[in-house]
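Everything below concerns the one structure shown next.
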Amino acid sequence: MFSFISQTWAVIVMNVRSLPRRLWMSLAMVLANAVVVAILLAFLAMDKGFEVTLKGAGSDDVALFLRGGSAAELNSGLGRDQVNLIATAPGIASNANGPIISAELYVIVDGIKRSTKTEANLPLRGLELTGIEMRNGFQLQEGRMFTPGTNELVVGQGVLREFEGFEVGNTLRIGKSEWRIVGSFSTGGNVFESELWADLNVIQSVYNRGSSVQTVRAKLSESGQLDAINAYVENEPQLNVDVQTEKAYFAGQSKNLSYMAWFGKIISAVMALGALSGALNTMYTSVADRAKEIATLRTLGFSTGSAFLGTLVEAMVLAMAGGLVGAVCAYLLFDGLNASTLGGSFTQVVFSFQMSGDLIAQGMKMALVIGFVSGVFPAWRAARMPVLLAFR
Amino acid sequence: MTTEHLFDLQKVAKRFVKGKDSITIFDNLDLSINKGDFVAIMGPSGSGKTTLLNLLGGVDQPTEGEISFDGQRIDKLSENLLAKWRANNVGYIFQFYNLMPMLNAARNVELPLLLTNLSSSERKQSVATALELVGLADRAKHMPSELSGGQQQRVAIARAVVSDPKLLLCDEPTGDLDRATADEILKMLQLLNREFGKTIIMVTHDPSAAKYANRTLHLDKGKFVDRELAA
Ligand SMILES: Nc1ncnc2c1ncn2[C@@H]1O[C@H](COP(=O)(O)OP(=O)(O)OP(=O)(O)O)[C@@H](O)[C@H]1O
Ligand SMILES: [Mg+2]
């Protein structure tokens with residue numbers, strides 16, 4: 001047993017030291033693995049980031065009203081009249097101030113990412129204090145809430161973390177106006193944390209939106225119960241809105257991107273097959289290149305097992321090296337990457353790619369599988385190498 | 001049946017089969033080799049010298065017949081048992097040295113010891129002794145590419161003797177070396193034979209190399225021809 005370990009170790013050391021003879025092939029194998037793992041991780045991180053960001057953002061207690069036919073908040077628009085009609089709908093909870101609704105409007109502002117120093121879009125949301133109370137897990141982290149009617153804003157933890165210049169106490173110049181950052185908040189990691197919040201009326205006047213908003217959120221008197229509201233919306237010809245729970249809205253948004261995650265997995269799988277065939281070729285070449293050395297060691301009495309394992313480990317080491325390079329690159333390139341840069345209809349969903357140890361482990365597993373499969377067949381050939389080759 | 005014979009070959013046949021063709025190299029070959037002998041095997045190219053050496057060294061198996069080593073049959077051993085047998089009993093010296101190019105001299109010499117249970121310090125000790133014996137103690141850290149052909153062959157000899165096998169097998173050990181260097185190597189083999197009691201079987205084309213042996217076998221078309229010379 002001791003001898004098996006020491007001879008196998010010696011064979012592994014020799015294989016690794018002979019790598020420079022096959023430098024370019026081996027590097028190509030490392031690179032191919034790196035690319036496959038990086039791409040897989042990019043898609044997984046996107047999926048994960050999106051899931052984390054949207055999970056918990058949507059509440060079952062809140063109904064979200066958008067203009068009829070608009071798929072997302074940013075494309076929606078509702079006039080004062082529509083908001084007033086919504087306020088009289090049944091099924092909405094109320095308190096001393098009347099029905100609990102929040103009319104909201106958001107605009108896109110530029111932020112500079114800390115990691116890459118590039119510009120990215122951030123939502124600046126105008127809302128009222130009732131709207132803030134509707135957010136799951138809202139917590140003021142630092143400073144205070146903005147004072148209604150002033151150019152004050154509060155900044156989400158996500159923005160604070162990923163973007164420059166949003167520290168509490170700073171003054172921001174956005175377009176023609178100056179804003180004072182008076183506080184920061186968290187909402188437990190969900191999508192709202194990637195936003196800046198200010199008073200609705202101030203946003204409306206600074207951005208010349210009159211009294212129009214994009215969305216209305218309403219607290220439901222009974223969780224998940226939209227029947228009464230739906231009936232009301234249908235029977236009110238003046239009202240042109242789509243209504244769904246906030247949870248359903250975000251679930252729909254995330255569905256759009258989970259197609260991308262599947263797409264990504266398929267791309268990775270196809271690329272993995274390509275990397276695998278390249279790796280097999282590299283490893284068969286390695287065995288042929290070391291044929292005389294393998295045969296000589298077998299002549300000296302080294303076991304077939306050591307020849308097998310030596311080759312297998314070489315493949316695994318190369319694949320793992322590729323996996324590590326890929327994971328590091330994916331981490332540097334994609335972790336925290338702001339998905340607003342994706343453009344298209346998702347600009348309004350600001351979320352970060354999230355690389356986690358868990359995902360990196362998945363990427364390494366993929367590399368290990370490629371390494372194992374590309375190693376095991378050439379290793380078998382190495383183990384079956386005719387000893388007589390040593391005498392040629 | 002313990003005898004002074006190290007090898008006993010009885011009715012050994014060796015055929016290579018390729019498709020429908022079968023080439024007979026030996027048929028009905030009998031041979032005994034005494035312990036402590038230094039045997040040279042000579043003969044024209046293609047006469048089966050290497051094939052015979054491979055049978056004796058347990059890297060190839062006879063088609064028929066018996067091969068006994070020190071009274072023990074080796075012709076039917078499984079591949080892994082043969083590997084163990086080689087590790088315990090045979091030191092190989094190749095025409096082209098067959099050193100591992102990525103390992104220095106000491107690491108090359110150490111290889112057979114990795115098949116034993118010796119500790120790393122015991123291995124170091126044995127390696128140093130073996131390198132000393134071939135006069136290369138000062139080259140322990142050199143890579144094969146930094147050594148001359150003769151020096152590489154001396155490292156190979158150190159590797160062959162480091163685990164103290166009874167038997168040394170050499171296939172044209174001086175075939176790639178000039179006269180003076182060849183003589184150096186042959187003197188070293190003679191020393192191993194005389195002072196350390198190694199049984200040596202050496203294939204060579206070179207009659208002056210064969211003079212170092214105390215028994216010469218002439219092989220022709222798979223048969224020994226009766227020209228045995230005593231040294
Ligand atoms: N694996 C093999 N398959 C088929 N034929 C073989 C094989 N090995 C050797 N032979 C044949 O067996 C014969 C003897 O070969 P061998 O290598 O033993 O000769 P040799 O005496 O060592 O010759 P040389 O002096 O050239 O080294 C040759 O005709 C060779 O072609
Ligand atoms: Mg030969």
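Letters A, B, ... mirror the listed sequences (proteins, then strands); counts begin at 1.
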Whatever's closer than 4.5 Å to a heavy atom in chain B on A:Arg21 counts as side chain
Filtered by a 4.5 Å non-hydrogen cutoff, the part of residues 56-66 of chain B contacting chain A is B:Val59, B:Asp60
Surrounding NZ of B:Lys84 (heavy atoms of other residues, nucleotides or ligands, distance under 6.0 Å), is the total greater than 12?
no
With B:Met100 as partner, the option from A:Arg17, A:Lys292, A:Met14 fulfilling side-chain contact (heavy atoms from CB on, under 4.5 Å) is A:Met14
request  = Check whether more than 12 heavy atoms from other residues, nucleotides or ligands sit under 6.0 Å from atom CH2 of A:Trp380, and answer yes or no.
outcome  = no
The reported gap from CG in B:Leu115 to CD in A:Gln7 (rounded to nearest 0.5 angstrom) is 5.0 Å
The salt bridge (charged side-chain N to carboxylate O under 4.0 Å, His left out) partners of B:Lys166 (sequence neighbours excluded) come to B:Asp70
Under 4.5 Å to a heavy atom of chain A? For B:Arg159 that would be side chain
Filtered by a 4.5 Å non-hydrogen cutoff, the part of residues 295-320 of chain A contacting chain B is A:Thr296, A:Leu297, A:Arg298, A:Thr299, A:Leu300, A:Gly301, A:Phe302, A:Thr304
Ordered numerically, the heavy-atom neighbours of chain B under 4.5 Å found in residues 366-379 of chain A are none
Turns out that what part of B:Asn80 lies under 4.5 Å from chain A's heavy atoms comes down to side chain
Ranked by heavy-atom pairs below 4.5 Å to chain A, first place among B:Glu79, B:Met102, B:Arg107 goes to B:Met102
Requested in this report: Assess whether atom CD of A:Glu164 is packed by more than 12 heavy atoms of other residues, nucleotides or ligands within 6.0 Å.
Outcome: yes
When the 4.5 angstrom heavy-atom criterion is applied to B:Glu110 and chain A, the contacting part is neither
Comparing B:Ala160, B:Ala83, B:Pro112 against chain A, the one with the most heavy-atom pairs below 4.5 Å turns out to be B:Ala83
| request: Using a cut-off of 6.0 Å, state whether more than 12 heavy atoms not belonging to B:Lys76 lie near its atom NZ. | output: yes
